[in-house]
Number of protein chains: 2
Amino acid sequence: MDVRESLLKATVKVFAEAGARGATTRRIAQEAGVNEVTLFRHFKSKDDLLECALRTLAELAADRKLPDIPADPVAELTEWARDHHRMLHKYRALIRKTMGEFEENPSLCACTCSATIKMTSDLADYLKTLQLRGLAHPGFNTHAAAAMLMGALFADAISRDAMPDRFPYSMKESVDLAMPLFFQAIGLTTRKKS
Amino acid sequence: MDVRESLLKATVKVFAEAGARGATTRRIAQEAGVNEVTLFRHFKSKDDLLECALRTLAELAADRKLPDIPADPVAELTEWARDHHRMLHKYRALIRKTMGEFEENPSLCACTCSATIKMTSDLADYLKTLQLRGLAHPGFNTHAAAAMLMGALFADAISRDAMPDRFPYSMKESVDLAMPLFFQAIGLTTRKKS
DNA sequence: CGAGCAAGCAAGTAACCACTTGCTTTTATC
DNA sequence: GATAAAAGCAAGTGGTTACTTGCTTGCTCG
């Protein structure tokens, strides 16, 4: 593996464990199996390294997309939500750290946020299409509904290990329990269109 | 104001701005208008100070309660959600920082989490009562529904300033938009019981 | 007034941090 | 096998951090 590549990978790992201040260049270099000086030969500063690492990660995390034309909304939304929830959970530590960095290091935060913003807007578009095709209640605000589902998945994935009492069911179950509530909220019948 | 008290207050403020590592004892003492040495005369270490500060804050943040016997569920839930959302938003920076501290400083995290855990369980109880009294759909999982609403409010309050594009409506509107969706989800009629 | 306590102040300690410099060793390429 | 680029290594610099020590000042209470 390329040295630069392994440095980026190590940075993501150490940052997720220790945050921006805790991710020392020493520790990152050690994790990458590389001399600390080499780190500074590839990146002009620690901030530069952090930003590169998070940016490339956000680019890689290109996700499943919702179809433009809904065929089986219940199945499509359920599968999409499961994927998204899985990804949020995988990167939960890193997401928590970047959110904490918002005031001090907004550019880092923006890297991680970009993916979420795009997905929420995609979801809102999909819901709008459902409304226009008469597959969902016409009255609700699609942005609010999208934010609600995204928020529920987000909070579950992020805070699950910090407060296990609050989630007395497994990660897999949680999506299965949340989705019917969401379908009910937007007026989507749980039976598949045949 | 008592020296100890002003130190606790300053700690909360500085921690919310800069996180655990960024909240230096120098900066906290300065914010409190107190000599740094005095800080160490009142608290045996920085960690001790942080934990005391967050713990007393969590105790103060005792919130509005849902009634044991639902009278006007729509109004009661709406007002409760508005209050909770307002509080989350007020402490959003501090909450983001404590969440980022989960791996390195779980005891700090536990202070802030305790309030949320209690409120979620109260909400779930209230929803259960609605079900038992035939005021809501009997089928849904009350824990999942509670987690969903709490999650939606949480995500809105916490990430609103990090990604304004995702929330194209004001903070006040957001609760008003989310609640009807939630009522629909749990099968609560939006008309008041007269 | 006078004893005792709380706070201020100056200075210092030991550790850690990002980052640099000068030099040697490895590795790839022609 | 020569050449050059990339990586390792030892050491150091200047800054910051939590926390300590010794001494002085001010305030309170009897």
Side-chain angles (χ1 to χ4, degrees), chain A residues 1-56 94 97-98 100-101 103-109 111, chain B residues 1-56 93-94 97-98 100-109 111:
Chain A
M1 189 162 45
D2 197 351
V3 171
R4 186 188 161 90
E5 198 178 334
S6 68
L7 273 170
L8 291 175
K9 207 171 152 188
T11 302
V12 168
K13 183 177 177 196
V14 175
F15 174 81
E17 285 170 5
R21 270 179 225 261
T24 67
T25 52
R26 240 189 283 282
R27 198 168 153 194
I28 292 171
Q30 190 176 352
E31 177 74 35
V34 154
N35 194 282
E36 194 184 354
V37 179
T38 305
L39 184 155
F40 286 102
R41 289 206 184 98
H42 281 265
F43 301 92
K44 71 178 186 202
S45 72
K46 180 182 153 180
D47 282 346
D48 181 29
L49 170 60
L50 279 177
E51 198 162 328
C52 283
L54 290 197
R55 201 183 298 280
T56 51
L94 184 135
K97 296 294 190 304
T98 44
E101 224 65 39
E103 278 87 5
E104 292 193 281
N105 217 331
S107 61
L108 282 191
C109 204
C111 294
Chain B
M1 188 162 44
D2 197 350
V3 172
R4 186 187 160 90
E5 199 178 333
S6 67
L7 273 170
L8 290 175
K9 208 171 151 188
T11 303
V12 168
K13 183 177 176 198
V14 175
F15 174 81
E17 286 170 4
R21 279 191 156 85
T24 68
T25 52
R26 237 190 286 281
R27 197 168 153 191
I28 292 171
Q30 189 176 354
E31 178 73 34
V34 153
N35 194 283
E36 192 183 355
V37 179
T38 306
L39 184 155
F40 285 102
R41 289 206 185 97
H42 282 265
F43 301 92
K44 70 177 186 203
S45 71
K46 180 181 153 182
D47 282 346
D48 180 29
L49 170 60
L50 279 178
E51 196 161 331
C52 284
L54 290 197
R55 201 182 299 278
T56 49
L94 184 134
K97 295 295 190 304
T98 45
E101 226 63 40
F102 171 63
E103 277 86 6
E104 293 193 281
N105 217 332
S107 61
L108 283 191
C109 204
C111 295

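Naming convention: chains lettered A, B, ... in sequence-line order (proteins, then strands); numbering from 1 in each chain. The model shown is predicted, which means the values in this text are computed figures rather than measured ones.
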Margin query: Please find the pair of heavy atoms, one from B:Arg27 and one from B:Glu17, that lie closest to each other, and give the distance.
Written below: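 Heavy-atom minimum between the residues: NH2-OE1, 2.8 Å.
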Checklist line | Nearest heavy atoms of A:Ser6 and A:Val34, plus distance in Å | finding: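 Closest heavy-atom pair between A:Ser6 and A:Val34: OG-CG2, 4.5 Å.
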Taking atom [atom2] of [N] as reference, at what distance in whole Å does atom [atom1] of [X] sit?
X: A:Ile28; N: C:dC17; atom1: CD1; atom2: P; answer: 11 Å
X: B:Lys46; N: D:dT16; atom1: NZ; atom2: P; answer: 15 Å
X: B:Glu36; N: C:dC9; atom1: CD; atom2: P; answer: 12 Å
X: A:Phe43; N: C:dT20; atom1: CZ; atom2: P; answer: 15 Å
X: A:Gln30; N: D:dG8; atom1: CD; atom2: P; answer: 13 Å
X: A:Arg27; N: C:dA18; atom1: CZ; atom2: C1'; answer: 16 Å
X: B:Arg21; N: D:dA18; atom1: CZ; atom2: P; answer: 11 Å
X: B:Asn35; N: D:dC23; atom1: CG; atom2: P; answer: 17 Å

Notebook entry, point to check: Is any side-chain nitrogen or oxygen of A:His42 closer than 4.0 Å to OP1 or OP2 of D:dA7?
Noted result: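 Answer is yes, contact under 4.0 Å.
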Notebook entry, point to check: What nucleic acid atoms does A:Arg41 come within less than 4.0 Å of, heavy atoms only: base, sugar-phosphate, or nothing?
Noted result: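 Base contact - A:Arg41 has a heavy atom under 4.0 Å of at least one base atom.
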Measuring from the side chain of [X] (C-beta onward, heavy atoms only), which nucleotide among [options] has the closest atom?
X: B:Arg26; options: C:dG8, D:dC19, D:dT17; value: D:dT17
X: B:Thr25; options: D:dA18, D:dG8, C:dG8; value: D:dA18
X: A:Phe40; options: D:dG8, D:dA18, C:dA18; value: C:dA18
X: B:Val37; options: C:dA7, D:dT21, D:dA7; value: D:dT21

Next item on the list: Keeping the roles fixed (side chain from B:Lys13, backbone from B:Ala32), state whether a donor-acceptor pair exists under 3.5 Å.
Entry: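 Such a contact is absent between B:Lys13 side chain and B:Ala32 backbone.
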Checklist line | Short side-chain to backbone donor-acceptor contact, A:Asn105 and A:Glu101, under 3.5 Å | finding: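 It does not hold such a pair.
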Next item on the list: Using side-chain contact (heavy atoms from CB on, under 4.5 Å) as the criterion, point out the one residue from A:Ile28, A:Leu108, A:Leu49 that pairs with A:Phe15.
Entry: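 Only one of A:Ile28, A:Leu108, A:Leu49 forms a side-chain contact (heavy atoms from CB on, under 4.5 Å) with A:Phe15, namely A:Leu108.
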Next item on the list: By nearest nucleotide on DNA chain D, pick out whichever of B:Ala23 and A:Arg4 is the more 5' one.
Entry: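 Per heavy-atom nearest nucleotide, the more 5' residue is A:Arg4.
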